[in-house]
Trainee: 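Okay, handing you the structure first.
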Amino acid sequence: MTHRAAKFTVSYALLRAAADVADHWVQSDYCAQAKGATDKAPVTYKNEKTEIETTVGTNGGRRACAWHCITYTATQGLVLVAGSRAVGIRLNPAAVAGALALSGITHYIADRRVPGGVDPGELHLMQGRSWTSGPELREVYRLAA
């Protein structure tokens with residue numbers, strides 16, 4: 001399979017599926033809650049197992065968001081490499097690295113941005129709203145909000 005349109009279609013589908021897995025299954029509860037924390041709007045996280053509460057400010061929010069974006073990008077990379085090999089697609093390693101870097105960086109920017117004082121974690125909750133017709137539009141909404 002060497003047709004560019006087929007490579008794009010398969011790669012896009014794999015990256016979209018991996019993005020949902022990374023955002024909803026791989027991301028820890030702590031990262032989901034703390035990634036948007038700022039000193040002006042700190043987040044208090046309560047560990048469900050230990051019942052210990054931690055207040056997170058800007059530095060902790062940045063670290064939580066960075067860790068989430070690392071796991072997000074790694075998940076996308078693993079799914080893309082494994083999936084493309086499974087269907088017999090050969091991808092350019094430099095292009096894959098560039099695309100994953102762009103994905104991770106833009107995801108960090110989107111998750112750290114706090115539009116109108118809304119916690120970026122709340123933007124993920126908006127993904128499930130029925131007024132968007134599919135995962136692609138929900139992701140576009142999440143990035144644009």
Side-chain angles (χ1 to χ4, degrees), residues 1-50 54-129 132-145:
M1 179 188 259
T2 59
H3 195 270
R4 286 182 77 176
K7 284 184 178 184
F8 174 81
T9 302
V10 170
S11 297
Y12 178 77
L14 290 168
L15 288 171
R16 280 298 323 132
D20 284 343
V21 169
D23 259 344
H24 302 290
W25 293 357
V26 175
Q27 180 176 210
S28 71
D29 185 51
Y30 172 78
C31 286
Q33 290 184 43
K35 66 186 174 186
T38 64
D39 290 338
K40 289 184 179 181
V43 170
T44 300
Y45 172 75
K46 183 176 182 179
N47 186 313
E48 292 179 4
K49 293 178 183 175
T50 64
T54 306
T55 301
V56 182
T58 300
N59 288 337
R62 288 178 181 152
R63 283 192 304 275
C65 192
W67 180 249
H68 163 58
C69 291
I70 289 168
T71 61
Y72 176 91
T73 306
T75 301
Q76 282 192 311
L78 290 171
V79 169
L80 182 60
V81 169
S84 64
R85 286 187 180 177
V87 296
I89 293 176
R90 293 185 58 133
L91 299 174
N92 180 324
V96 169
L100 290 172
L102 180 63
S103 178
I105 290 166
T106 57
H107 196 84
Y108 179 89
I109 292 167
D111 276 358
R112 280 299 295 163
R113 201 174 85 161
V114 185
V118 176
D119 178 356
E122 292 177 23
L123 297 177
H124 286 289
L125 297 176
M126 292 179 188
Q127 287 181 322
R129 297 209 176 160
T132 58
S133 63
E136 296 80 16
L137 291 179
R138 289 194 300 265
E139 183 72 5
V140 168
Y141 174 77
R142 185 184 70 74
L143 293 173

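Just so you know, residue 1 is the first one in the sequence shown, and it goes up from there.
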Trainee: Work out which heavy atom in T55 is nearest to a heavy atom in P42; give both atom names and the distance.
Mentor: CG2-CB, 3.9 Å
Trainee: Working to the nearest 0.5 angstrom, can you tell me the gap between T73 OG1 and L80 CG?
Mentor: 12.0 Å
Trainee: Answer whether the closest heavy-atom distance between the side chains of H68 and T71 falls below 4.5 Å.
Mentor: yes
Trainee: For A6 versus I89, what's the shortest heavy-atom pair and its separation?
Mentor: O-CD1, 4.3 Å
Trainee: C65: which residues meet the side-chain contact (heavy atoms from CB on, under 4.5 Å) condition with it, sequence neighbours left out?
Mentor: K35, C69, Y108, D111, R112
Trainee: To the closest 0.5 Å, what do you measure between CG (L100) and CD1 (I105)?
Mentor: 11.0 Å
Trainee: Considering all heavy atoms of both residues, which atom of V43 and which atom of A37 are nearest to each other, and what is their separation?
Mentor: CG2-CB, 3.7 Å
Trainee: As an exercise, state the distance from CZ of F8 to CG of L91, rounded to the nearest 0.5 Å.
Mentor: 12.5 Å
Trainee: Mind checking whether Y45 and Y30 have parallel, tilted or perpendicular rings, split at 30° and 60°?
Mentor: perpendicular
Trainee: Once side-chain hydrogen bond (donor to acceptor under 3.5 Å, both in side chains) is applied, do any residues pair with S103, and if so which ones, sequence neighbours excluded?
Mentor: Q76
Trainee: At their closest point, which heavy atom of A32 faces which heavy atom of Q27, and how far apart are they?
Mentor: CA-OE1, 3.4 Å
Trainee: I'd like to know if the side chain of K40 reaches the main chain of T58, judged simply by a donor and an acceptor atom lying under 3.5 Å from each other, with no hydrogens or angles considered.
Mentor: no
Trainee: How far does OG1 of T38 sit from CZ of R62, to the nearest 0.5 angstrom?
Mentor: 9.5 Å
Trainee: What are the two closest heavy atoms between V81 and S84, and how far apart are they?
Mentor: O-OG, 3.1 Å
Trainee: Would you name the heavy atoms of T75 and A22 that are closest together and state the gap between them?
Mentor: CB-CB, 3.8 Å
Trainee: If you apply the rule side chain to side chain contact (heavy atoms under 4.5 Å, CB included), what do you find for D23 with H107, and how did you get there?
Mentor: CA-CA 10 Å; D23 259 344; H107 196 84; 3.3 Å; yes
Trainee: In the structure I gave you, are the side-chain heavy atoms of V26 and V21 within less than 4.5 Å of one another anywhere?
Mentor: yes
